[in-house]
Amino acid sequence: MSQSNQQRIWQVVSQIPKGKIASYGQVAAQAGIPQAARLVGNVLRKLPEGSKLPWHRVVNSQRKISFPIGSPAYQEQRQRLLAEGVVFNKETIAINHLAWSS
DNA sequence: ACCTTGACTAGAT
DNA sequence: AATCTAGCCAAGG
């Protein structure tokens, strides 16, 4: 009997290093369910409020936050990432060490 | 058991 | 580069 996909997803997300980000698809693949990017979002969605999981380090394949721009959730995730040194370029975000034109 | 919805994505247009 | 489309996993009606 293996753990539930949900538990494997929690496991993977908890291992994303501070200051770095991963896509829903990458998390799913790492959890052993490569076709379930969508499931990752659904799992994170129902996290308890006090959860210590770094859910904010998960963005979509376009390296963007998957919330409507300006929404409370969007702003919160953006704020948490900024606090970890993740660089933003308006709607697009990129990891520090990745080159990006100004 | 069937249909819809969602913090998604790769591929086609 | 911007849109559309079809496919995927799980939960809820």
Side-chain angles (χ1 to χ4, degrees):
Chain A
M1 228 345 234
S2 56
Q3 309 172 81
S4 65
N5 287 332
Q6 169 179 275
Q7 290 180 316
R8 284 196 295 273
I9 289 172
W10 285 343
Q11 166 80 14
V12 174
V13 173
S14 72
Q15 294 174 346
I16 303 175
K18 180 181 179 183
K20 295 199 175 183
I21 58 178
S23 72
Y24 295 93
Q26 293 176 327
V27 171
Q30 186 64 37
I33 42 181
Q35 270 77 26
R38 235 171 159 151
L39 177 60
V40 174
N42 278 295
V43 168
L44 296 185
R45 186 186 53 169
K46 60 182 187 183
L47 282 178
E49 293 189 24
S51 177
K52 296 179 177 57
L53 242 73
W55 56 268
H56 55 281
R57 296 181 191 147
V58 185
V59 297
N60 64 30
S61 64
Q62 313 255 308
R63 294 170 185 271
K64 296 178 189 170
I65 292 175
S66 288
F67 284 113
I69 297 175
S71 69
Y74 172 91
Q75 296 187 29
E76 159 134 22
Q77 183 169 13
R78 180 176 180 284
Q79 184 57 51
R80 284 170 175 255
L81 290 174
L82 281 174
E84 295 188 351
V86 176
V87 177
F88 282 73
N89 181 3
K90 293 192 175 179
E91 302 102 43
T92 306
I93 65 179
I95 304 178
N96 278 342
H97 56 74
L98 290 185
W100 60 292
S101 54
S102 49

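Just so you know, these numbers come straight off a predicted model, no measurement behind them. Only heavy atoms go into these numbers, but all of them, side chains included; no hydrogens, no water, no symmetry mates.
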A/N5 CG to B/dG6 C1', straight-line distance once rounded to whole Å: 17 Å
Atom-to-atom span, CZ of A/R80 to P of B/dA7 - whole angstrom: 18 Å
Within this structure, what is the CD1-to-P distance between A/I9 and B/dC8, rounded to whole angstrom? 13 Å
Between the side chains of A/H56 and A/E84, is a donor N or O closer than 3.5 angstrom to an acceptor N or O? yes
Would you kindly give the OH-to-P distance between A/Y74 and B/dA7, to the nearest whole Å? 16 Å
To the nearest Å, give me how far apart CZ (A/R38) and C1' (C/dG7) are. 9 Å
Please pick, from B/dT9, B/dA7, B/dG6, the nucleotide with the shortest atom-to-atom distance to any side-chain atom of A/N42. B/dG6
Given atom CD of A/Q7 and atom P of C/dA10, what is their separation to the nearest angstrom? 13 Å
Spacing between A/I33 atom CD1 and B/dT9 atom P, to the nearest angstrom: 13 Å
Kindly say if A/S66 contacts the phosphate of B/dA7, meaning a side-chain N or O under 4.0 Å from OP1 or OP2. no
Rounded off to whole Å, could you give me the NZ-to-C1' distance for the A/K46 and B/dT5 pair? 14 Å
Among B/dA7, C/dC9, B/dT9, which is the nearest nucleotide to the side chain of A/A36? C/dC9
In terms of side-chain heavy atoms of A/S61, which of B/dA10, B/dA7, B/dC8 is nearest? B/dA10
